[in-house]
Amino acid sequence: MATEGSDRLPKYQRIADALREAIQAGEYGAGARLPGENDLMATYGVARMTARQALGVLQNEGIAESRKGAGVFVRSFRPLRRRGVERLARERWGAGRSVWSADIEDRTLVVDQVGVTEEPAPERIARVLDLAPGDAVCVRNRRFVLDGKPVLLATSFLPAGLVAGSAITRRDTGPGGTYARLGELGFDPVHFREEVRSRMPSQDEADRLSLSPGTPVMLICRTAFAAEGRPVEVNEMTLDSASYVLEYDFDA
């Protein structure tokens, strides 16, 4: 039933709300085709632009996706639940398991577009890692693809002198990943700090993450600290906001 408040909403928003409610009620299941622009124009007596805006709202929210030449469909991708505390536990990476194993369950994760270089530290990174500007850092770039959908871009920075000659400087860091290898070097992380914010993506980010127009990204910057507060890694991550639920579970 329409309320006084809903009557004041733009027509495209009211149509989007109706479609969203229908999806949530199960009238359109995962992968189902939504009414097209012509259908919405006829049903609601609106112009094509209004119908297009309504479908665009659902795409921007990550509920629906456009398939070229086929229409707009209910997104079948199941959001990834990122368990922020559990995934970084020493019991996980210390036992040779990836931090991702806490998130993906039985789903298929592929890491591609992997690049490892040594570069002068950007000023912001040097400041966090207690390095002089321009000091060398090992830079690890990766893209994470879940069930065929790109969901995350990650760039890690580690002091080059600290990790020289270790598996961290190779594409495949081995069981337990970077944190397990840091442990073998005597610099296993004992504390993490994450900062989270959001913004609209750059064109490169939108292309690499296959984002629908208008979809924002979440930015997570994680710093790993070894004993005595020594920073050993900065990891800058760019997440498809429509692909993630951030979960933090901790005791009071």
Note, [X] side chain near [Y] side chain (heavy atom, < 4.5 Å):
X    : Y    : result
M200 : P216 : yes
S243 : R75  : yes
V234 : C221 : yes
V57  : I63  : no
F157 : R124 : yes
V74  : L34  : yes
L152 : Y244 : yes
P201 : L209 : no

Shortest non-hydrogen contact from [X] toward [Y]:
X    : Y    : value
V145 : P150 : CG1-N, 3.9 Å
Q13  : L9   : CG-CD1, 4.2 Å
A136 : L131 : O-CD1, 4.4 Å
M41  : A51  : CG-CB, 4.1 Å
P35  : L40  : CB-CD2, 3.9 Å
A54  : A16  : O-CB, 3.7 Å

Are [X] and [Y] grouped together when hydrophobic residues (ILVMFWY) are joined by side-chain heavy atoms under 4.5 angstrom apart?
X    : Y    : value
Y179 : I168 : yes
V46  : L58  : yes
L211 : L246 : no
L55  : Y28  : yes
V139 : M237 : no

Can you list every salt bridge (Lys or Arg N to Asp or Glu O under 4.0 Å) pair that touches residues 199-210, not counting sequence neighbours?
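Sorted pair list: R199-E205.
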Taking atom [atom1] as the centre, does [X] end up with more than 12 heavy-atom neighbours from other residues, nucleotides or ligands that are less than 6.0 angstrom away?
X    : atom1 : answer
R171 : CZ    : no
M49  : CE    : no
R67  : CZ    : yes

Show, in sequence, the C-alpha distance, side-chain angles and deciding distance for L182 and V163, and conclude whether the side-chain contact (heavy atoms from CB on, under 4.5 Å) test is met.
CA-CA 8 Å; L182 283 170; V163 301; 4.2 Å; yes
Lys/Arg N to Asp/Glu carboxylate O, [X] vs [Y], below 4.0 Å:
X    : Y   : answer
K149 : E65 : no
D17  : R20 : yes
E194 : R82 : yes

Nearest-0.5 Å distance, [atom1] of residue [X] to [atom2] of residue [Y]:
X    : Y    : atom1 : atom2 : value
R222 : I220 : CZ    : CD1   : 8.0 Å
E233 : F187 : CD    : CZ    : 14.5 Å
S198 : L239 : OG    : CG    : 11.5 Å
R52  : Y12  : CZ    : OH    : 15.0 Å
R14  : R8   : CZ    : CZ    : 11.5 Å
T223 : L129 : OG1   : CG    : 7.5 Å

Is the side chain of [X] donor-acceptor paired with the backbone N or O of [Y] at a distance under 3.5 Å, no angle test?
X    : Y    : value
R33  : A70  : yes
D147 : T108 : yes
R140 : T178 : no

Could you tell me whether the side chains of T169 and R181 share a donor-acceptor contact shorter than 3.5 Å?
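Per modelled atom types, T169 and R181 side chains form no pair under 3.5 Å.
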